[in-house]
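Here is how names work: the chains are called A, B, and so on, in the same order as the sequence lines, proteins then strands, and each is numbered from 1. Heavy atoms only: backbone and side chains are in, while hydrogens, waters and symmetry mates are out.
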Amino acid sequence: MSESPQEPGLEALPTASPEPVKRFSLQLIWLIPIVAAIIGGTLAVRTYLQKGPTITIAFKSGDGLEAGKTKVKYKDVEVGLVKEVAIARDTTGVIATVELKKETTPYLVEDTKFWVVRPRITGGGISGLSTLMGGSYIGVDLGRSKHPQRTFVGLETAPAVAVDVPGSSFLLHSPDLGSLDVGSPVYFRRIQVGQVVSYELDKDGMGVTFKVFITAPYDKYVRANTRFWNAGGVDLTVDANGLKLDTQSLMSILMGGIAFQTLDENGGAPPTDANTAFTLFANRDEAMKNRDTISQSFVMIFKESVRGLSPGASVDFRGLTVGEVSGIHVAHDPHTREVNMWVEMRIYPERLRSRVIGAVPTPQEYRAVLNEMVANGLRAQLKSGNLLTGQLIVSLDYFPNIPKAKVDWSTNPPRFPTTPSSLVELQATLMQLVKKLEKLPLDETLTDVRRMVQTLDATLKDAARMLQNVDKNVLPEIGMTLEEARKTLDEGRKTLSAAKQTLSADAPLQQDLRTTLRELGRTAQSLRVLTEYLERHPESLIRGKQEDTP
Amino acid sequence: MHDAPVTAAARGLLVCHLCGLLCRRGHGNITPHCPRCSTPLHLRKPNSTARSWAYLLAAYILYIPANVLPIMETSSLFGAQADTIMSGVVYLWYSGSWDLALVVFIASIMVPLLKLIALTLLLISVQRRSTWQPLQRAKLYRIVELVGRWSMLDIYVVAILAALVQIGALATITAGPGALAFGAVVVLTMFAAMEFDPRLIWDPLTERENEP
C-alpha cells in the first residue's frame, strides 16, 4: 500500500559494481594551500628582508623632490625612493624620508653624502641633463667611515670628487677666495690633476681655507716644499721688471684655477701626507720666491720723493736682488724739523753670502761684515727700475768719495745710511743752472729782440711792397725799354750796315768825304789865314782889307 | 512523511556523472562503480568540504600578496612606476574618475573578498549541518558561481596593456607578481566554488525532517 507504483522498477535498476574502498587515500588537495602558503610566505619574507633602512635627509629646498617618485641613485643605479617630503620643524628647509635598499645599510655612515641632481650649467660643463626628462633624483656618494648614521644633511651641489676616486686631499690657505670656486681645476705642469673640493672661511675670518683633491698618479708630486699658487684668470703685472702676462689655460681664465710646482725638483723632500696645509700664493712668482728664513729689517731715510716705490719693490745689490721693500712711511724728525720718507727694507743676508761662506754666519759676524761694508762706502740709493713705468727700486752700491756714515744699530729697526740718487744730484745741478740762467737780464734782452724783430718786420714789409711795385710798374717798363732797345739796336744795325756801305773805301761817299775833307782842309787853311790876318788886323773887320801897306 | 522530499540517497540510488545511468548502490563498505562505464560513483562529491576548504585557504593566503604587491609595472621616460590594485583605485579616485575607481574597487577588491567570505560562510554552515536559511544560501552559491569568472577583469587589463605597450625605451608595461597572485586567487575561488557540493545545504534539512 505504501509502496509506490514505481517500486518494482527500482528493483530493476542495475546495481553498481562494487569495488573495495581504498584504505589509503592521500589528500593531495591540501598541497594547494601548502604551496600557496609557501609562495605567500616566501614573498612576505623576501619583502621583509629586502626592506632597507629608512633615513632622513635635510635639504634647503624641496625643489625636485617628490614623495613616492624621486629616486636615490648611486652611480646611476637606483638604490632607494623618497617616501615623504616634509617641512623641517624649524621651517629652515625640508626633510626627505628615504627608504633605501638593504644593500646600502653598511654604507650609511657619517661621510655618506646626498645631493639633489638637477640640470646644471657651469663654466666647466653641463651636468644632470638626463634629469630634464626623467625628473630630479637624489645622488648619493657612499662613505667610508665606520660610524653609522641615519640622519643626513643634503649638499646643495654634487661633491666635486667621488669618495672612491684614488688620490689625496690637501688644504690650502689663502687670504681671499679670488676667482676660485668649487670645481676649479688644479694644474700641475698645465695638466689638470685635480680640483677644488670645498672652501670655507677661516673661523677667525682672516682667510679662506681650500680643500683640493689631487687624483692618484699626480698626488705623489705634492711634496713638503711644493708651492701652490692661484693660476686663475689673466695675471698682468707691471713692475720694475716690465710688463708680464701669465695664464694657464682658457678654462682657468674662465673658471680660475690653482697650479702647483715643487721647488728644487731633485731635492729629497718626501711626499707629504694627505690633508697637509699649504699656503696658496697669489701668483707664480710669489710662490716660487726663495723663502728666506733669515731676514734683517732696516730703515732708510730718504729726503727725496719716493714716488714709484712700492712695498715689494726689490732691493738690489749690483743687480742681484737681496731683499725687498717692506714699508714706506712719512716721518717727522723733531730735531731737524724735517719731514723725511722712511723706507723699511728686509734684506736676506743668505742671498748675499750663501755661496761664499758655507756656514750661516752668526748675527755678530754678519753685523761686523755689514759695518765694514758701510765703512767702505756702501749706501742705499733710490734708482729707477723701469724708465717706462717709473718704478723705483732700492739699490745698494759702493760710493767711494762719500761722507762717512755707519749703520745705526741702536734703533729698531737699524738705520741704514742712504745717499741721494744720481737723478737727484742731476736735478740739483740742473736747478743751479736754471738759477744762473734766471739771473741773466733776460727780460731786457727779450725786449730788444722784440723791438728788433718788429723793425725787421716793418722792413720786410717795405721790401715786400717795393718788390710789388717793381713787379707792377718797373717790370712792364723794363719790358718796353727792352723792346725799344731792341728796335734801337735793329736800327743801329741797319745804320751800321749803311755806314759800312757808306764807309767802304770805294764808296762814293768815301770819295766825296775825302774830297770834302780836302776841301775842309783847305777851308781850314783859309780860315787860319783869315784868323791870322784878323789877329794882325783886327780893324779890318770894320774897315775892310787894307792894301798891304808897306 | 509525505512532506519530506524523497532523495536518491535515501533510496540508495546513484546516478553516473558521466553516462547518466541510474543504478542502485548495493550494500557493504564498497566504492560503487557505474556498471556501464565503470566510473566511480558517489552519493555526494567526495571530500567536497575538505577540498573546498583547501582551495579557499590557498586563495586567502594569496589574496594578501595580490593586494600588496604591484600588479603592473610601468616604466617610461619619466621613470618607473609600480602599481598595486589599491594604488590604481586611489589614483583613479583622485584624478576624478570616481566611477571608474568604484568599478575597479568593486570588481577587483570587493568581489574576490566577498566571494571568499561567501564560500567560507557556506562551508561553515554546511559543516555545522546548519538548517539556517537554506534557500538564501543556495542563491548565494549561485551568485558566487556566476560572478567568479568576471573577477578576472584586472588580469585582462594588465595582460592587454603588457602586450600592447612595449615601445622599447619609451614605455614598457609588464605584469607584476601581484597579477599572478591575483589571478591565482580568482582561479582558486572558482575551484573552491566548483568543489563545493550545494546538495549538502539541503542534506541536514532532509535528515531533520526524517527524524521524528
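Taking the side chain as every heavy atom from C-beta outward, B:Leu123 and B:Trp53 approach each other to under 4.5 Å. For the pair A:Ile138/A:Trp115, no side-chain contact is recorded, criterion being any heavy-atom separation below 4.5 Å from C-beta on.
The residue among A:Gly40, A:Ala44, A:Ala37, A:Pro33 with the most heavy atom pairs within less than 4.5 Å of chain B is A:Pro33.
For a residue to count as touching a neighbouring chain, one of its non-hydrogen atoms must lie under 4.5 Å from one of that chain's; by this rule B:Leu62 touches chain A with the side chain only. Only the side chain of A:Ile39 comes within contact range of chain B, with at least one heavy atom under 4.5 Å from a heavy atom of that chain. For B:Ala50, the parts sitting under 4.5 Å from any heavy atom of chain A are the backbone and the side chain alike. Contact annotation for B:Leu69: only side-chain heavy atoms (C-beta onward) come within less than 4.5 Å of a heavy atom of chain A.
The ring pair (Phe, Tyr, Trp, His ring centres under 6.0 Å) check on A:Tyr107 picks up nothing, with sequence neighbours excluded. Judged as a side chain to side chain contact (heavy atoms under 4.5 Å, CB included), and not counting sequence neighbours, the contacts of B:Leu140 are B:Ala118, B:Leu121, B:Leu122.
Among B:Thr49, B:Ile61, B:Leu119, the single residue meeting the side-chain contact (heavy atoms from CB on, under 4.5 Å) criterion with B:Leu56 is B:Leu119.
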